[in-house]
2 protein chains.
Amino acid sequence: MDKQLKRMATMQRIQTTGLEIFYQKGYHNTSIDDILKELSLSKGAFYYHFQSKEEYFISIVQNLLFRKVYSSLIEPIEGEEDPLNKIAACFDNALETAEHNFLDYGFVLSNFITEFNGKNPDIMNYLQDILKVWEVNLVTALQKGKTDGYVNRHIDSEAVATYLISSYIGIRTLMVEGNGKMLRYKYIQQLRNYFKLIEHKESV
Amino acid sequence: MDKQLKRMATMQRIQTTGLEIFYQKGYHNTSIDDILKELSLSKGAFYYHFQSKEEYFISIVQNLLFRKVYSSLIEPIEGEEDPLNKIAACFDNALETAEHNFLDYGFVLSNFITEFNGKNPDIMNYLQDILKVWEVNLVTALQKGKTDGYVNRHIDSEAVATYLISSYIGIRTLMVEGNGKMLRYKYIQQLRNYFKLIEHKESV
DNA sequence: CTATAAACAGACCTATAAGTCTGTTATCCT
DNA sequence: AGGATAACAGACTTATAGGTCTGTTTATAG
């Protein structure tokens, strides 16, 4: 195989498997050997490609984790239609995926935020950056919804975005207990309920 | 000092300090020595009172953690008045405490749930038990609110309780980033907004 | 007052995990 | 083809942390 390709392929493999295991067991509770065992690779290979466990993790956050959050929670809410419907559908879809996990480990991003808070400000910043992108996109979608006549002009878009993110983080944390189907149903029901206040009213 | 009292006092001290540090640094990232250093105690003292780190942590969860959650989130919502107002005031009060932490570490209970999920089913059960008590009490308060004419009879109390817990867990996770004051304001604003749909309507 | 057991001190053992280093295999360039 | 270097293997080093064990102090009972 071409050297450049081989290099990239190996790095990708190490990163992808790393994210999976970090997600399942947490960063501190996962050893480099755990990951290498899964890949049948050696310490030599790992430290040839990455300087340290931390630098390695940051590369995962900036690449794989960001893309994962973006494709599942941010990209789906872009578009011309009613943003409230798109958000509800997007959340429902994300929860459906979680529901079908045999053993669910929660929302990757918030898990890491919980784990690194107060311990590693550097990594925290990278994680908060992803949150920020999500929030900005939600606010943008809501504002556009106002001009397009889907969303009530009097609501505070930033507050709604914060409330949405909060509830999503929370329900994903709750879903780890196992009763995913029921929790998802209840959550989406109340989310749509909440949206009744947010959507545009014909009559003042 | 009396032996029994001394024993209890020492155990209490070890547990109290343990919860503080576990909360700040997480269970796996906290060593027994970290806690003992803070207390100027020795390994001998610790293992005289507790069998293992795990058994020790479980005793903290069942005693201190449960009481902490109960007194801050469950007890305040009991009473005869409008449950929605009590819940909002209770949440606001809890967030105010969090807001004034110099460095906030999130919601203790959900932090531990995130940390132990998929790793220690035993501890997970004890944590889930506390969540369950909270949920049951919220549902009870809402149901009582229906009979007392404060809460809309057509709402699904269990779904509302789930949604409330979700949003609270989420906002506490978000607040670790530091901008607590603003987040608290936004959250409570939207919570009260949400309650408009839940409260009893005079007109059908 | 003293024997006895509780309460505690701290050196020690052991396992784990991050990171290093030297040696080996695979790939590329000329 | 063959030297050079990238890519990887795996033994080794070092630090940390859970837990043990033996010895010492302190309090209570008789």
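Naming: A, B, ... by sequence-line order, numbering from 1 per chain. Side-chain atoms are counted along with the backbone in the values below, which use heavy atoms only and exclude waters and symmetry mates. Because the structure is predicted, anything quoted here is derived from the model rather than measured.
- Counting to the nearest Å, the C1' atom of C:dA26 and the CG atom of A:L5 are 15 Å from each other.
- Within the 4.0 Å cut-off from OP1 or OP2 of D:dC8, at least one side-chain nitrogen or oxygen of A:T10 is found.
- With rounding to whole Å, B:E54 atom CD is found 16 Å from D:dA17 atom C1'.
- The salt bridge (Lys or Arg N to Asp or Glu O under 4.0 Å) check on A:E81 picks up A:K86, with sequence neighbours excluded.
- Summarising the geometry of A:N193 relative to B:L197, their closest heavy-atom pair is O-CD1, 2.8 Å, with the distance given to 0.1 Å.
- A donor and an acceptor atom, one from each side chain of A:S167 and A:Y187, are located under 3.5 Å apart.
- Rounded to an integer number of Å, the gap from A:L39 CG to D:dA7 C1' is 15 Å.
- Nearest to the side chain of B:A45, among C:dC8, D:dA11, D:dA17, sits C:dC8.
- Distances from the side chain of B:H49 to the nucleotides C:dA7, D:dA7, D:dA17 place C:dA7 closest.
- Taking atom CZ on B:F50 and atom P on D:dA17, their separation rounds to 20 Å, with Å as the unit.
- One atom, NZ of B:K43, and another, C1' of C:dA9, lie 12 Å apart when rounded to the nearest Å.
- Shown here for B:E78 and B:Y70, the closest heavy-atom pair between the two residues is OE2-OH, 3.3 Å.
- For A:M11 and D:dC8, the CE to C1' distance is 14 Å, given to the nearest whole Å.
- Phosphate proximity of C:dA6 to B:R7: absent, as no side-chain N or O sits under 4.0 Å from OP1 or OP2.
- Nearest nucleotide to the side chain of B:Y47, out of C:dG19, D:dG10, D:dG18: D:dG18.
- When rounded to the nearest whole Å, the span between CD of B:E55 and P of D:dG18 equals 15 Å.
- In the set C:dC8, D:dA6, D:dA9, D:dA6 carries the atom at the smallest distance from any side-chain atom of A:Y48.
- B:K53 comes within 4.0 angstrom of sugar-phosphate atoms only, judged by non-hydrogen atoms across all strands, and of no base.
- Residues passing the ring-ring contact (aromatic ring centres under 6.0 Å, His included) test with B:F91, sequence neighbours excluded: B:Y168.
- Heavy-atom nearest nucleotides on DNA chain C were determined for A:H28 and for A:G44, and the one closer to the 5' end corresponds to A:H28.
- Regarding A:I32, its CD1 atom lies at a distance of 10 Å from the C1' atom of C:dG19, rounded to whole Å.
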